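Note sheet for the following structure.
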Amino acid sequence: MPLTQDALSSFSPDAVVLVLSNAPDELLAKRIAHYVVEEGLVACANLGAPSLSMYMWQGELEGATEVPLQFKTTVRRVEALIQRITSLHPYEVPEVLVVPVVAGLGSYIKWVQDETAAPPVLKKS
């Protein structure tokens, strides 16, 4: 299901957001991060330490080790970023959450905006 653009309609296209996701292993997390940074969809990707996720899936309690991912980008790149994450991800329903950034160091915010200003250049995956 695509992101409902109405959720972000009150934000400027240049507004910085934090996008949260995860991957089932470090290799895939690195691959996703590599693509989305190189393609200009995000200014920065952070991979966290593998950790245990507990969740309900199709009526069953599941537990899996996952690698958390954080992406810094702008509202203008959110839809393309979500499409890219889901195209590279093996999960039927990958976690993708968009969190508004309410404040930050001005020079860092400008850097994120500058890094994501050019049209993305998608690579063959």
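Given the structure is predicted, the values throughout are model-derived calculations rather than measurements. Because only heavy atoms are used, hydrogens play no part in the values below, and waters and symmetry mates are left out as well, while side chains stay in.
With Leu47 as the fixed residue, the side-chain contact (heavy atoms from CB on, under 4.5 Å) test singles out one of Leu69, Ile32, Asn22: Leu69. Residue Leu41 forms a side-chain contact (heavy atoms from CB on, under 4.5 Å) with just one option from Val121, Ile85, Leu122, Thr74, and that option is Leu122.
Connection of Val101 to Val36 is not established within any shared hydrophobic cluster, with ILVMFWY side chains joined at heavy-atom distances below 4.5 Å, either directly or through further cluster members. In the hydrophobic cluster analysis, where Ile, Leu, Val, Met, Phe, Trp and Tyr join through side-chain heavy atoms closer than 4.5 angstrom, Val17 is grouped apart from Ile109. Grouping the Ile, Leu, Val, Met, Phe, Trp and Tyr side chains by contacts below 4.5 angstrom, directly or via other members, places Phe11 apart from Val102. A continuous path of hydrophobic side-chain contacts links Leu88 to Ile82 [ILVMFWY only; heavy atoms under 4.5 Å]. One hydrophobic cluster, built from ILVMFWY side chains closer than 4.5 Å, cannot hold both Leu18 and Val67; they sit in different ones.
In this structure, a donor-acceptor pair under 3.5 Å is absent between the side chains of Thr73 and Thr116. Judged purely by distance below 3.5 Å, without hydrogens or angles, the side chains of Gln113 and Asp14 never pair a donor atom with an acceptor atom.
Sorted by first and then second residue, the pairs that involve residues 103-112 and meet side chain to side chain donor-acceptor pair (under 3.5 Å), not counting sequence neighbours, are Lys110-Asp114. Sorted by first and then second residue, the pairs that involve residues 62-90 and meet ring pair (Phe, Tyr, Trp, His ring centres under 6.0 Å), not counting sequence neighbours, are His89-Tyr91.
The closest donor-acceptor contact from the side chain of Arg77 to the backbone of Pro13 lies at 3.5 Å or more, if one exists at all.
Separating the CD atom in Gln70 from the OG atom in Ser21 is a distance of 11.0 Å, to the nearest 0.5 Å. Interatomic distance, Lys123 NZ to Tyr35 OH, rounded to the nearest 0.5 Å: 9.5 Å. Between the NE2 atom in His34 and the CD atom in Glu39 there is a gap of 8.5 Å [rounded to 0.5 Å].
Not counting sequence neighbours, Trp57 has no partner by the ring-ring contact (aromatic ring centres under 6.0 Å, His included) test.
Two residues are said to be in side-chain contact when any heavy atoms from C-beta on lie closer than 4.5 Å; Val99 and Leu20 meet this criterion. With a 4.5 Å cut-off on side-chain heavy atoms, Pro50 and Glu66 do not count as touching. The shortest distance between side-chain heavy atoms of Val19 and Leu81 falls below 4.5 Å. For the pair Leu28 and Pro90, the minimum side-chain heavy-atom distance is below 4.5 Å. Side-chain contact between Met56 and Glu62 is absent, with no heavy-atom pair separated by less than 4.5 Å. Arg76 is not listed as a side-chain neighbour of Val78, based on a closest heavy-atom distance of 4.5 Å or more. Side-chain contact check for Lys72 versus Val42: every heavy-atom pair is 4.5 Å or farther apart.
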